[in-house]
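Below is one structure, written out as structure tokens; comments come after it.
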Amino acid sequence: MGDHYQTIVDLDANAADAEPLARRVVDWLVAEGIVLAERTDCVLGLPLGHPPGPLWGHAVHGADADDEPWDGLAVHIGRTVFHGWPGGLEAAICPRCSTTTRLVDAAWATIDEAWAPFGDAIRTWSATGTAQVRCPACARRVPLRDWDWTDDYFAFAHLGFEFWNWPELTPEFRSRVADLLDGHRTAYVRGKI
């Protein structure tokens, strides 16, 4: 069965404004009763997270007692590679020419020559905060953070709100969080381990 997560990623926050934006969103989530202020051992990947509050159902589709989240909210501040479902990475889309670069074949095996520039760029971005990938179609060098990914598989950012083992977050809730992030672009990354 495994654990699943949904992450609202702020694509525009920089290292300096990630913490104040995170505080604003968490304060709102606490005030709305969606999560609790005190942090506990309720998330994977971080020592502490915010457990679900009494009104957690306001954030999700058709919540009832059987759907109650059993884990909490992890807030990631700092350079992070957010990624989705294992095996879900299909393609990258160039934001300059809209060409799709397939990264797996029909059997879902990685196409090494297609993946290599992206893998190198991800390692570089993780280490330095900047990286580019040359589009195989238009030959332009494009910052890694600007590429689009099928099903929002990747997001490279300094701020993310990761809900562990919650029912599906509603688009309205995700939109409200984006509004609190000064209208920044967001990605909705989902995964399972």
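Note that the numbering runs from 1 along the sequence shown for the chain.
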- Query: Does the side chain of Val35 come within less than 4.5 Å of Val30's, by heavy atoms?
  - Reply: yes
Here the pair of heavy atoms bringing Leu36 nearest to Gly53 is CD2-CA, 3.8 Å
In terms of heavy-atom contacts, Ala18 and Ile77 come closest through CB-CG2, 4.0 Å
Contacts of Ala187 meeting side-chain contact (heavy atoms from CB on, under 4.5 Å) (sequence neighbours excluded), chain-then-number -> Val9, Leu11, Asp152, Ala155, Val189
With the side chain counted from C-beta on, respond yes when Glu90 and Arg102 share a heavy-atom pair under 4.5 Å apart, and no when they do not. yes
Val81 meets the side-chain contact (heavy atoms from CB on, under 4.5 Å) criterion, sequence neighbours left out, with Ile122, Trp125, Ser126, Phe154, Phe156
Output for pair (Thr99 OG1, Arg140 CZ), nearest 0.5 Å, gives 10.0 Å
Rounded to the nearest 0.5 Å, the CG atom of Asp71 sits from the CG atom of Asn165 at a distance of 4.5 Å
What one should report as the nearest heavy-atom pair of Arg145 and Ala13 is NH2-O, 4.1 Å
Item to complete: Kindly say whether Gln6 contributes a backbone atom to a donor-acceptor pair with the side chain of Arg190 at under 3.5 angstrom?
Response: no
Rounding to 0.5 Å, atoms CZ (Arg174) and OG1 (Thr7) come to a distance of 11.5 Å
Residues passing the side-chain contact (heavy atoms from CB on, under 4.5 Å) test with Asp146, sequence neighbours excluded, are Pro95, Arg96, Val142, Pro143
Is there a donor-acceptor contact under 3.5 Å from the side chain of Thr150 to the main chain of Ala91? yes
Are the side chain of Thr128 and the backbone of Thr124 linked by a donor-acceptor contact shorter than 3.5 Å?
yes
Next on the checklist: Are the side chains of Leu169 and Phe161 in contact, using a 4.5 Å heavy-atom criterion?
Outcome noted: no
Closest non-hydrogen contact found for Cys97 with Cys94 is N-SG, 3.5 Å
Contacts of Cys42 meeting side-chain contact (heavy atoms from CB on, under 4.5 Å) (sequence neighbours excluded), chain-then-number -> Thr40, Pro51
Residue pairs meeting side-chain hydrogen bond (donor to acceptor under 3.5 Å, both in side chains), one or both in residues 15-34, sequence neighbours left out, come to Arg24-Asp182
Practice problem: May I ask you to test the Ile8-Phe82 pair for a side-chain heavy-atom distance under 4.5 Å? | Solution: no
Here the gap from Phe118 atom CZ to Thr101 atom OG1, rounded to the nearest 0.5 Å, amounts to 5.0 Å
Heavy-atom check, side chain of Pro117 versus side chain of Gln132, under 4.5 Å
no
dist Trp108:CH2 -> Leu89:CG (nearest 0.5 Å) comes out at 8.0 Å
Check your understanding: Do the two ring centres, one from Trp56 and one from Phe163, sit under 6.0 Å apart?
Key -> no
For Ala131 and Ala121 the tightest heavy-atom approach is CB-O, 3.3 Å
Correct closest heavy-atom pair for Ala178 and Thr186 would be CB-CG2, 3.9 Å
Subject >> Side-chain donor or acceptor of His50 paired with backbone N/O of Arg39 under 3.5 Å >> reply: no
Is there a side-chain contact between His184 and Leu159 (heavy atoms, below 4.5 Å)? no
Rounded to the nearest 0.5 angstrom, the CG-OG1 distance for Asp148 and Thr100 is 9.5 Å
Discussion item. In the structure I gave you, are the side-chain heavy atoms of Tyr5 and Leu44 within less than 4.5 Å of one another anywhere?
Written reply: no
Within the distance-only criterion (no hydrogens, no angle test), does the side chain of Asp3 pair as donor or acceptor with the backbone N or O of Ile193 below 3.5 angstrom? no
Is a side-chain donor or acceptor of His4 paired with a backbone partner of Gly191 at a separation under 3.5 angstrom?
no
Residues passing the salt bridge (charged side-chain N to carboxylate O under 4.0 Å, His left out) test with Arg79, sequence neighbours excluded, are none
*asked:* Whether the Trp164 and Glu162 side chains hold a donor-acceptor pair (N or O, under 3.5 Å, no angle test) is what I'd like checked.
replied: yes
>> Any non-hydrogen side-chain atom of Phe173 less than 4.5 Å from a side-chain atom of His58?
In response: no
